[in-house]
Amino acid sequence: MWDRIMETFCKFSPERGEKSAASNRKSSWLNVLCFYIFGTMSFFYQEMLYTASEDILSGRKLPTSVIIVTFVTPLAAVKLIAPWFIQRISYVFKICFIATFMVAGLVLIIFVNEMHLKMVGIALNALSTGMAEVVFLSLTSFYPQVCISSFVAGTGMASLVSPLYYTGVTTWSCVSPKMAIMFTIPLPVLLLIFYALLDKDLITNGNRSGEEHSNVKYTIIGSTSDTHSPDQSVALPEKPPCSEKLRIGLKILPFIIPLFLSFFAEYLSNSSVITSIAFPESHLRPRDHFLFYSLAYRSGKFFGRSYLFIFACLPQDTLEFLSCNKTWSWYHFVSYVWIIIALCSTLGLVAGMIVVHSPHAVSRYVSPEEKEFALGLLTVGNSLGGLVAGFVGLAVEPFLTEKCTQHFSTTREFCFTRHSNTTGWEHNIHFYLQPE
């Protein structure tokens, strides 16, 4: 099965040049598993907080996009700034920073009642998410191409597991939204555990701290001779200057723009459009509509980001690219909740496929020495797209909600997929209140 997976990834995302036998040996299943966990944990809390956004805002008139703007603003700042200097910091320190900020953000969200402090907790979690994506995607530059696919597939798994967990325990059981999030506080420790298991021999000395290579000999390479004396050391790779990094950024701009457009459509649809669409005849509470929309969208995103792994497990004659068109959800032009759920799933599927192929395209387009910085900077596109969509959504969601209440005054509670009071955060509404 492992050989089949490697063969599939080589077919869909070939690397520049040929792989050596040593490189193939080092691309062990353990490294692939580690990057899969990195991808899952990097986006687990982002997906869960987005899914829980209506519960976090229970009883408040704030637009849902407030959560998006609060999360994506520091996320975009980190992705825009971090790639320019983060390569000088050791990976151990960076991963400890990520895990610490994840836990600190969750503590504020769960145990503090003031909304502005909850927003600070969301921002801290966004900082850790942005740092995690930049750090781990840059880390894949030292490993075989399959590790990029493994990381992206892990982010897709987070898109499935996180909303499925949250929707399941808050809708199909008696756990409150607050407790559901609290149960996940220990999970960031997995980042430290799997980084300890990762084969770090593939990481070049240039990315380790000064203490790690303080005893390394530096030798001036000026000879064209093919022979080297035994005491000579291999030259450390130089980091590109700012002017060179700017050139690399402009070079990969054609790959950043599609990510921007994709995430703009995703975030605007999920934070501002579907929040105003609910159906009285569906026998679902207004709040549950949003959870099922979110679960459908993120399930599609899971398959979009993980289909290379799925293809690797299918018979050979089924390996062909999926073809589908991007679809927007729209305002009350349909009569059944399942149509909206299907459209959300399609949106997630196509968006996930864009995300899974973007880093592969960039890694083939740039030179090996440009790869680490380019992969880190690539993530700017999705965060900026989400940020712009969040600001646009601040006006779109109130507008759609107002129009809905004007046209459907008798069922106005179904014009907003949120609880009308704060009970929905502290208690499980399905067991706290009797069904209407």
Side-chain angles (χ1 to χ4, degrees), residues 2 4-20 23-24 26-43 79 82-83 86-87 91 94-95 129-159 191 194-195 198-200 202-204 207 248 251-252 255-256 258-259 262 301-312 321 351-382:
W2 173 250
R4 177 69 178 280
I5 292 175
M6 289 293 296
E7 179 184 354
T8 301
F9 280 120
C10 290
K11 177 179 179 180
F12 282 102
S13 53
E15 290 188 87
R16 186 190 307 267
E18 296 184 359
K19 296 174 182 271
S20 64
S23 175
N24 285 327
K26 289 183 178 179
S27 61
S28 67
W29 65 269
L30 183 58
N31 289 338
V32 174
L33 176 63
C34 288
F35 278 101
Y36 194 81
I37 298 299
F38 293 156
T40 302
M41 287 308 306
S42 295
F43 284 81
K79 292 182 179 181
I86 200 172
Q87 297 151 326
Y91 278 100
K94 289 184 282 193
I95 295 174
T129 299
M131 186 70 72
E133 185 175 7
V134 172
V135 168
F136 292 124
L137 198 54
S138 298
L139 185 60
T140 62
S141 65
F142 303 112
Y143 293 83
Q145 197 88 350
V146 64
C147 291
I148 296 179
S149 293
S150 179
F151 176 81
V152 177
T155 66
M157 177 59 71
S159 300
L191 293 175
F194 280 90
Y195 181 73
L198 187 68
D199 179 13
K200 288 173 278 295
L202 292 172
I203 304 177
T204 61
N207 280 79
I248 298 172
K251 184 177 181 180
I252 66 171
F255 301 97
I256 295 177
L259 283 173
S262 170
K301 187 160 66 171
F302 161 73
F303 287 108
R305 294 189 179 191
S306 307
Y307 81 98
L308 290 180
F309 268 114
I310 296 173
F311 276 13
F321 284 105
M353 294 175 70
I354 293 174
V355 170
V356 78
H357 282 286
S358 294
H360 288 303
V362 168
S363 64
R364 294 197 302 266
Y365 189 65
V366 300
S367 60
E369 60 271 14
E370 299 172 343
K371 189 176 177 182
E372 182 183 11
F373 172 74
L375 288 175
L377 189 63
L378 177 67
T379 61
V380 171
N382 49 32

Could you state the interatomic distance from CD1 (Ile95) to CE (Met131), rounded to the nearest 0.5 Å? 11.5 Å

Distance, nearest 0.5 Å, that separates CZ of Phe35 from CG of Leu30: 11.0 Å

Rounded to the nearest 0.5 Å, what separates atom CZ in Phe194 from atom OG1 in Thr40? 9.5 Å

Working to the nearest 0.5 angstrom, can you tell me the gap between Ile148 CD1 and Ser150 OG? 10.5 Å

When rounded to the nearest 0.5 Å, the distance separating CG of Leu198 from CZ of Phe142 is 11.5 Å

Is the Phe151 ring parallel, tilted or perpendicular to the Phe136 ring (thresholds 30°, 60°)? tilted

Non-hydrogen atoms of Ile252 and Ala374 that approach each other most closely: CD1-O, 3.5 Å

Considering all heavy atoms, the nearest Cys147-Thr140 contact: O-CG2, 3.9 Å

If every non-hydrogen atom of Ala158 is compared with every non-hydrogen atom of Gly39, which pair is closest and at what distance? CB-O, 4.4 Å

Hey, which of Ser138, Ser363, Ser358 is the one that makes side-chain contact (heavy atoms from CB on, under 4.5 Å) with Leu378? Ser358

Between Glu133 and Ser42, the two heavy atoms sitting closest are N-OG, 4.5 Å

Verify, without hydrogens or angle tests, whether Lys200 (side chain) and Tyr195 (backbone) share a donor-acceptor contact under 3.5 angstrom. yes

Minimal non-hydrogen separation, Val135 against Lys94, with atom names: CG2-CD, 3.7 Å

Once you round to the nearest 0.5 Å, how far does CZ of Phe38 lie from OG1 of Thr155? 14.0 Å

If we only count heavy atoms from C-beta on, is the Met157 to Phe43 side-chain gap below 4.5 Å? no

List the atom of Tyr143, the atom of Asp199, and the distance in Å for their closest heavy-atom pair. OH-O, 2.6 Å

